[in-house]
Chemist: 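Take a look at the following structure, please.
The model shown is predicted, which means the values in this text are computed figures rather than measured ones.
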Amino acid sequence: MKHILITGASSGIGAALALEYAQAGCRLSLSGRNEERLNTIAQLCENKGACVHTALIDVCDRAAMTDWLLKTDTAHKIDLIIANAGISNGSGNADSWEESTRDIFAVNLAGTLNTILPLLPTMVARGSGQIAVMSSLAGFRGLASSPAYSASKVCVKAYGEALRLRYGKDGLKVNVICPGFVESGITRQNTFKMPLLMSGDKAARLIRRGLDKNKAIITFPWPMALATRLFASLPLWLVEGLSTFMPKKE
């Protein structure tokens, strides 16, 4: 029975991934901060035949995450960890700029580390296992329109790439997921038009397909992914001019 652990599974991409993987013969360990939504997703996954365990944990709580991960893996070996939990501050709020910045880094970066580091040595020692980290197309370079969010996702992307390079030869699969705009609690905070906004169900299918193929970086939708790569390759002086046209958020 394949065992998949997903953080941030109570909504958005995390919930969609849980439902995408839910089937007979699959064990799901799901965490989130909203008990009601998490239980709803768990029930839907169980209805599809999956064996589901839930945990109401904040990914920023290092001790709680370590305890949960180690106990969960001891009970049933985890095959795939998807470090999905993440936040943004929508279209910016000058009154809470500093707190929002710290919160975004705490969840998006430290929360990712709290999700993958406790079991990284175990998976390397086994010579098997898969770790997927959730970055973003915004993680291809720091953006003036979203300094904290983009920078946190740049860090996650770079760290995931580095882990893949270091441990791939040891049998550990590491994948970086870089979505564009996907229907979720994060995108619902945005007050600007989001090009090529994708449903969570479609995003989950693309992510699963990429993970099954062990793709190094899973990017979508492809037009935005191409545009993002081109934008990331531009010289800074040109990016500075283009940045004035981007909507602001944290």
Chemist: For the atom pair CG (Asp67) and CG (Asp61), what is the distance rounded to the nearest 0.5 Å?
Modeler: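 Asp67 atom CG to Asp61 atom CG measures 9.5 Å (nearest 0.5 Å).
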
Chemist: Answer yes or no: is there a donor N or O on one side and an acceptor on the other, between the side chain of Arg27 and the main chain of His76, under 3.5 Å?
Modeler: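 Here the side-chain-to-backbone pair does not exist.
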
Chemist: Do side-chain atoms of Ser199 reach the backbone of Lys202 as a donor and acceptor pair under 3.5 angstrom?
Modeler: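 Confirmed, Ser199 side chain pairs with Lys202 backbone.
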
Chemist: Enter the distance from Leu69:CG to Ile81:CD1 here, rounded to the nearest 0.5 Å.
Modeler: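 Between atom CG of Leu69 and atom CD1 of Ile81 there are 6.0 Å.
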
Chemist: By the side chain to side chain donor-acceptor pair (under 3.5 Å) test, which pairs, at least two apart or in different chains, include something from residues 154-175?
Modeler: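 Checked against side chain to side chain donor-acceptor pair (under 3.5 Å) - neighbours excluded - the pairs reaching residues 154-175 are Gln130-Asn175, Lys157-Glu161, Arg164-Asn214, Asn175-Asn214.
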
Chemist: Should Trp68 and Ser29 count as side-chain neighbours, where that means a heavy-atom distance under 4.5 Å?
Modeler: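 Touching, per the 4.5 Å side-chain cut-off.
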
Chemist: Counting only pairs under 3.5 Å, give me each side-chain donor-acceptor contact of residues 218-234, with atom names and distances, residues two or more places apart or in other chains.
Modeler:
| from | atom 1 | to | atom 2 | distance (Å) |
| --- | --- | --- | --- | --- |
| Thr228 | OG1 | Met224 | O | 2.7 |
| Ser233 | OG | Leu230 | O | 2.7 |

Chemist: When rounded to the nearest 0.5 angstrom, what is the spacing between CG in Asp79 and NE2 in His3?
Modeler: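 Output value for this atom pair is 8.0 Å.
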
Chemist: How long is the span from the CD1 atom in Ile6 to the CG atom in Leu17, to the nearest 0.5 Å?
Modeler: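 The CD1 atom of Ile6 sits 5.5 Å away from the CG atom of Leu17.
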
Chemist: Taking side chain as C-beta onward, heavy atoms only, is Pro147 less than 4.5 Å from Thr101?
Modeler: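 Contact flag for Pro147/Thr101 side chains = no.
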
Chemist: Please tell me whether Leu120 and Leu70 are part of a single hydrophobic cluster in this structure, the criterion being side-chain heavy atoms less than 4.5 Å apart.
Modeler: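 Leu120 clusters together with Leu70.
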
Chemist: Looking at Arg62, I'd like to know if its CZ atom is crowded, meaning that more than 12 non-hydrogen atoms belonging to other residues, nucleotides or ligands lie closer than 6.0 Å.
Modeler: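 Count not over threshold, so no.
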
Chemist: Does a side-chain heavy-atom distance below 4.5 Å link Met123 with Asp73?
Modeler: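 No, too far: nothing below the 4.5 Å cut-off.
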
Chemist: Let me check something: do Val154 and Val133 share a hydrophobic cluster, defined by ILVMFWY side-chain heavy atoms less than 4.5 Å apart, either directly or through other members?
Modeler: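 In one cluster: no.
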
Chemist: Does the side chain of Arg205 reach to within under 4.5 Å of the side chain of Glu20, using non-hydrogen atoms?
Modeler: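 Result yes, sub-4.5 Å side-chain heavy-atom pair found.
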
Chemist: Would you list the pairs meeting side chain to side chain donor-acceptor pair (under 3.5 Å) in which at least one residue belongs to residues 31-42, sequence neighbours left out?
Modeler: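 Residue pairs with at least one partner in residues 31-42: there are none.
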
Chemist: So do the side chains of Met134 and Pro179 get within less than 4.5 Å of each other, counting heavy atoms only?
Modeler: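 With C-beta onward as the side chain, the pair touches.
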
Chemist: Which donor-acceptor pairs under 3.5 Å do side chains of residues 44-53 form with protein atoms, sequence neighbours excluded?
Modeler:
| from | atom 1 | to | atom 2 | distance (Å) |
| --- | --- | --- | --- | --- |
| Asn47 | OD1 | Gln43 | NE2 | 2.9 |
| Asn47 | ND2 | Gln43 | O | 3.3 |
| Lys48 | NZ | Leu19 | O | 2.6 |

Chemist: Report yes or no: do Leu172 and Leu117 belong to one cluster of Ile/Leu/Val/Met/Phe/Trp/Tyr joined by side chain heavy-atom distances under 4.5 Å?
Modeler: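 In one cluster: yes.
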
Chemist: Looking at Asn84 and Thr7, would you say the former's side chain and the latter's main chain have a donor-acceptor pair under 3.5 Å?
Modeler: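 Confirmed, Asn84 side chain pairs with Thr7 backbone.
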
Chemist: If you look only at pairs with a residue in residues 105-125, which of them pass as a side chain to side chain donor-acceptor pair (under 3.5 Å), with sequence neighbours excluded?
Modeler: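 Output for this query lists Asn108-Ser152.
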
Chemist: Testing the basics here: between Asp103 and Ile87, what is the closest heavy-atom pair and its distance to 0.1 Å?
Modeler: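 Smallest interatomic distance, heavy atoms only, reads O-CD1, 3.5 Å.
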
Chemist: About how many Å separate CD1 of Ile177 and CD1 of Ile217, when rounded to the nearest 0.5 Å?
Modeler: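 Here the rounded value is 11.5 Å.
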
Chemist: Measure the CD1-CD1 distance between Ile116 and Ile131 for me, rounded to the nearest 0.5 Å.
Modeler: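 Here the rounded value is 5.5 Å.
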
Chemist: Heavy atoms, side chains only, cut-off 4.5 Å: are Leu211 and Arg209 in contact?
Modeler: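 No; the side chains remain at least 4.5 Å from each other.
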
Chemist: Quick one: does Ile82's side chain get under 4.5 Å of Ile207's, heavy atoms only?
Modeler: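 Side chain of Ile82 against side chain of Ile207, heavy atoms only: no contact under 4.5 Å found.
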
Chemist: Going by salt bridge (charged side-chain N to carboxylate O under 4.0 Å, His left out), name the residues that satisfy it together with Asp201, two or more places apart in sequence or in a different chain.
Modeler: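 None.
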
